[in-house]
J.: 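Below: one structure in structure tokens.
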Amino acid sequence: MKVIVVGANGQIGKQIVEKLQIDDQHTVTAVVRKQEQVKDFNNQGIKAVLLDLEGKVDSLTEAFTGAEAIIFTAGSGGHTGPDKTLLIDLDGAVKTMEAAEAAGVERYILVSAYDADKRENWNAEMRPYYVAKHYADRMLEQSSLNYTIVRPGGLINEKAQGKITAGIEAKPSTITREDVADVLIASLEEPSTYQKSFNVVNGTVSITEALKNI
């Protein structure tokens with residue numbers, strides 16, 4: 001499968017790109033926002049393209065043409081204000097959805113946030129972030145794309161455990177960024193995840209088994 005990773009320079013995005021690069025089942029293109037990031041990926045033998053999520057949909061459509069799947073992991077980051085959160089996490093995400101549809105890319109996987117679909121559970125200090133994720137999720141669910149929305153718990157930088165709990169049984173907890181990357185990759189061709197949205201945290205079941213039972 002020809003996969004484009006949007007937000008490839010992020011902590012999760014980098015791991016996805018590196019894993020797909022050595023996976024003989026897929027080919028990968030990294031989408032980044034700075035020219036030096038393109039060079040960094042190219043130096044690793046990884047194809048990368050420079051795209052602006054605040055730019056025009058047409059540019060995204062052109063870049064997406066020929067791809068078979070989009071994984072969206074981009075985010076404005078914790079150091080920005082609500083304005084950038086809306087422009088990247090919401091509008092930027094929706095632009096990639098529109099571009100995917102226009103380019104004929106059917107498969108689309110979105111990284112959201114734990115319980116983004118439940119307003120009553122949102123952290124008050126992060127409300128703009130949850131608003132952006134909530135409505136990006138809804139736009140994807142209403143699109144024509146074959147989507148999967150992954151809503152990870154608290155993200156931690158530890159070694160992957162390889163075991164998760166997903167869906168309604170995923171109680172508030174944490175998950176390693178590497179496990180999130182593995183969940184996103186495993187979801188690419190797992191039919192049980194098609195047209196599904198689910199929370200995911202580290203747990204006791206293998207990623208393969210957990211996703212088959214979503």
Side-chain angles (χ1 to χ4, degrees), residues 1-10 12-34 37-38 41-42 45-76 87-113 116 132-152 180-198 200 211 214:
M1 183 176 282
K2 298 177 181 177
V3 184
I4 290 181
V5 179
V6 182
N9 202 58
I12 294 174
K14 277 185 178 179
Q15 297 194 58
I16 296 169
V17 170
E18 290 169 1
K19 289 172 181 288
L20 288 176
Q21 179 69 6
I22 60 174
D23 185 340
D24 59 9
Q25 300 298 313
H26 305 291
T27 60
V28 64
T29 299
V31 169
V32 295
R33 60 187 180 87
K34 295 180 180 179
Q37 295 167 351
V38 173
F41 278 114
N42 288 166
I46 297 170
K47 181 181 178 181
V49 295
L50 185 68
L51 289 174
D52 183 4
L53 292 179
E54 296 183 56
K56 295 182 178 179
V57 174
D58 288 350
S59 298
L60 296 168
T61 302
E62 182 178 352
F64 290 176
T65 299
E68 296 171 283
I70 306 294
I71 300 179
F72 187 95
T73 69
S76 59
L87 290 171
I88 301 300
D89 296 72
L90 175 52
D91 195 45
V94 173
K95 284 178 180 176
T96 64
M97 297 169 201
E98 294 172 354
E101 289 180 311
V105 182
E106 294 184 2
R107 190 79 176 100
Y108 189 108
I109 300 178
L110 177 65
V111 178
S112 184
K133 293 298 187 183
H134 178 83
Y135 285 101
D137 291 0
R138 289 178 62 170
M139 291 298 292
L140 181 55
E141 289 170 340
Q142 294 169 19
S143 75
S144 64
L145 298 166
N146 178 14
Y147 69 85
T148 298
I149 299 172
V150 178
R151 298 183 174 125
V180 174
D182 289 337
V183 166
L184 298 170
I185 293 170
S187 295
L188 279 169
E189 297 183 281
E190 175 47 66
S192 295
T193 69
Y194 295 173
Q195 310 295 318
K196 297 283 183 64
S197 308
F198 55 89
V200 61
L211 294 183
I214 285 294

J.: What residues form a salt bridge (Lys or Arg N to Asp or Glu O under 4.0 Å) with E190, not counting sequence neighbours?
T.: K212
J.: Using distance only, find each side-chain donor-acceptor pair of residues 137-145 under 3.5 Å and give its atom names and separation, not counting sequence neighbours.
T.:
residue	atom	partner	partner atom	Å
D137	OD1	S112	OG	3.1
D137	OD2	S112	OG	2.7
D137	OD2	R151	NE	3.1
D137	OD2	R151	NH2	3.0
R138	NH1	H134	NE2	3.4
E141	OE2	S197	OG	2.9
S143	OG	L140	O	2.7
S143	OG	L145	N	3.1
S144	OG	E101	OE2	2.8

J.: I want to check something: taking the side chain as every heavy atom from C-beta on, are V150 and F198 in contact at a cut-off of under 4.5 Å?
T.: yes
J.: Do you know which two heavy atoms are closest between T96 and F64, and how far apart they sit?
T.: O-CE1, 3.6 Å
J.: L53 and side chain to side chain contact (heavy atoms under 4.5 Å, CB included): which single residue from V31, D89, D91, L60 fits?
T.: L60
J.: Among all residues two or more places apart in sequence or in another chain, which pass the ring pair (Phe, Tyr, Trp, His ring centres under 6.0 Å) test with H26?
T.: none
J.: Could you work out, with salt bridge (Lys or Arg N to Asp or Glu O under 4.0 Å) as the rule, every residue matching E54, not counting sequence neighbours?
T.: K84
J.: Please tell me if the side chains of T61 and E98 come closer than 4.5 Å, counting only heavy atoms from C-beta onward.
T.: no
J.: What residues form a side chain to side chain donor-acceptor pair (under 3.5 Å) with N146, not counting sequence neighbours?
T.: Q195
J.: With rounding to the nearest 0.5 Å, note down the distance linking OG1 in T29 to CD in Q21.
T.: 9.5 Å
J.: Does any N or O in the side chain of K95 come within less than 3.5 Å of the main-chain N or O of D58, such that one atom is a donor and the other an acceptor?
T.: no
J.: Give me the atom names and distance for the closest heavy-atom approach of R107 to L188.
T.: NE-O, 2.9 Å
J.: Is the shortest side-chain heavy-atom distance between I12 and L184 below 4.5 Å?
T.: yes
J.: Please find the pair of heavy atoms, one from T148 and one from T193, that lie closest to each other, and give the distance.
T.: OG1-O, 2.7 Å
J.: Name all residues meeting the salt bridge (Lys or Arg N to Asp or Glu O under 4.0 Å) criterion together with K19; count only those two or more places apart in sequence or in a different chain, and write none if there are none.
T.: E178, D182
